[in-house]
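Report on the following structure.
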Amino acid sequence: MTFKELCIIEPILKAIVEKGYETPTPIQEEAIPPTLNNRDILGLAQTGTGKTAAFAIPIIQHLYQNNDRNNRTISALILTPTRELAIQISECITDYAKYTSVRHTVIFGGVSQQAQTDALRKGVDILVATPGRLLDLMTQGFIKLGSIKYFVLDEADRMLDMGFIHDIKRILPKLPQQKQTLFFSATMPDSIAKLSSSILHNPVRVEVSPTSSVVDTIEQSVYFVEKNDKSKLLIHLLQKQKPQSVLVFSRTKHGADKIAKILVKANIKSAAIHGNKSQNARQRALSDFKSNNISVLIATDIAARGIDINQLELVVNYDLPEVPETYVHRIGRTGRAGNTGLSISFCSPEEQALLKDIQKLIGKKLTAFNFNAEKEILTKVFQK
Ligand code: AMP
């Protein structure tokens, strides 16, 4: 299957070829044709599957073919939970819409609104937004949603996890009844199923890699390690393997900061990224990571949600997640787009039950190592 066979128009084809996409991913193959046919979509897909292009490309195509886009009233709204995701979606649209005259902008909280309202005043076709800032600018009269024709709710499960349900319930009635809605979620608990059925009309359900399935190309191992030895183990692994791009997951923001400090002390270039960091600090850490100035990023689950990094070599679960599905999300960041990936989880005696749940969900046992054994060897080496 090619993008051309999906009836993508020439200006977009040219842009995606430049972006290096050769063939559509499964979610794109499944979702693009019904979206181009104006159907509502219920998409079950996690980050890393190519879902952004799956919803963005058909919308750009429709807007391009729609002559009334010169009105520059907002025709498409893409709602996403985090600023990082919003920026990432916006960057993708910049690329895909490069050879069309479709205009877009992105709004999110935590920064001054001036540049955002200036961009809105000039008029845009597509608005990418996080819920809080959207409501804020709507209340101030900068944004009207009365001419929305396309509405995307991205990462719906994360939206609910982050407590955005009330914001969403305030936004929904402001949208016109007549519109096309594309609803994406990585998981489908009851609350999401209920929400989706309340806003979708006769949707086409598309699904790729259910949450329990882990990409086959990821090598997964677990180290049994005492809680107090985790930082030693991390330094040891990073020094031994010297990976170029590592994402380390910490359960707490405080923990992420602590790990970053320990690594920097060990001369390993790293930075923590989480909700307590300023927007600027987060962006700087991300761009340092993307340009290989630092090789290790330590993140909490929520902060990591929006990070789009290709060819991530290693994912480390410094703390095991409380929810087993989160493990699948986390390690999905390595082994993307046909690359082999590596994930290493640290499991302290207190976390044994969490490991059991993860192995049950993914239906296999992780390759296990015991740090105590390695530590003995390491200690001998250091003592020499
Ligand atoms: P997403 O799931 O939308 O976050 O996309 C994950 C990554 O896959 C992004 O870096 C995209 O640029 C990339 N991607 C999306 N579609 C394709 C494709 N058809 N071929 C290659 N890479 C893609």
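When a ligand or atom number is given, it counts from 1 through the structure's own listing order.
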Exercise for the section: Just jot down the ligand 1 atoms closer than 4.0 angstrom to any heavy atom of Gly50, in number order. Expected result: 1 (P), 2 (O), 3 (O), 5 (O), 15 (C)
Fill in the blank from the handout: If we number the atoms of ligand 1 from 1 as shown, the ones under 4.0 Å from a heavy atom of Thr23 are 18 (C), 19 (N), 20 (N)
Exercise for the section: Ignoring hydrogens and angles, state whether a donor on the side chain of Gln220 or Tyr327 is under 3.5 Å from an acceptor on the partner side chain. Expected result: yes
Problem - Check: Tyr96 N/O within less than 3.5 Å of ligand 1 N/O - result: no
Practice task
Please work out whether any backbone atom (N, CA, C, O) or any side-chain heavy atom from C-beta onward of Phe55 is under 4.0 Å from ligand 1, and answer side chain, backbone, both or neither.
Solution key: neither
Problem - Enumerated ligand 1 atoms positioned under 4.0 Å from heavy atoms of Thr25 - result: 16 (N), 17 (C), 18 (C), 19 (N)
Problem - Sidechain-backbone polar pair: Arg133 side chain, Gln116 backbone, donor-acceptor under 3.5 Å - result: no
Problem - Residues Gln140 and Gln113: side-chain donor-acceptor under 3.5 angstrom - result: yes
Mind listing the side-chain donor-acceptor pairs of residues 255-267 below 3.5 Å, one per line with the distance, residues two or more places apart or on another chain?
unit_1 : atom_1 : unit_2 : atom_2 : d
Asp257 : OD1    : His274 : NE2    : 3.0
Asp257 : OD2    : His274 : NE2    : 3.2

Practice task
Answer with yes or no whether the side chains of Gln114 and Ser112 bring together a donor and an acceptor at under 3.5 Å.
Solution key: no
Fill in the blank from the handout: Across all chains, not counting sequence neighbours, the ring pair (Phe, Tyr, Trp, His ring centres under 6.0 Å) partners of Phe184 are Phe55
Handout entry: Within-shell test, Ile27 vs ligand 1, heavy atom, strictly < 4.0 Å
Key = no
Exercise for the section: Heavy-atom distances under 4.0 Å are what count here, so tell me which part of Ile16 touches ligand 1: side chain, backbone, both or neither. Expected result: neither
Fill in the blank from the handout: Note: ligand 1 atoms sitting under 4.0 Å from heavy atoms of Phe3 are 19 (N)
Handout entry: Atoms in ligand 1 with a heavy atom of Thr52 nearer than 4.0 Å
Key = 1 (P), 3 (O), 4 (O)
Handout entry: Residue Gln88 vicinity, atoms of ligand 1 by number, heavy atom under 4.0 Å
Key = 4 (O)
Problem - Under 3.5 Å: N/O of Thr49 near N/O of ligand 1 - result: yes
Problem - Donor on one side chain, acceptor on other, Asp157 and Thr187, under 3.5 Å - result: yes
Exercise for the section: Taking atom types as modelled, find out whether Tyr21 and Tyr96 have a side-chain donor-acceptor pair closer than 3.5 angstrom. Expected result: yes
Practice task
Output yes when the distance from some N or O of ligand 1 to some N or O of Lys19 is under 3.5 Å, and no in every other case.
Solution key: no
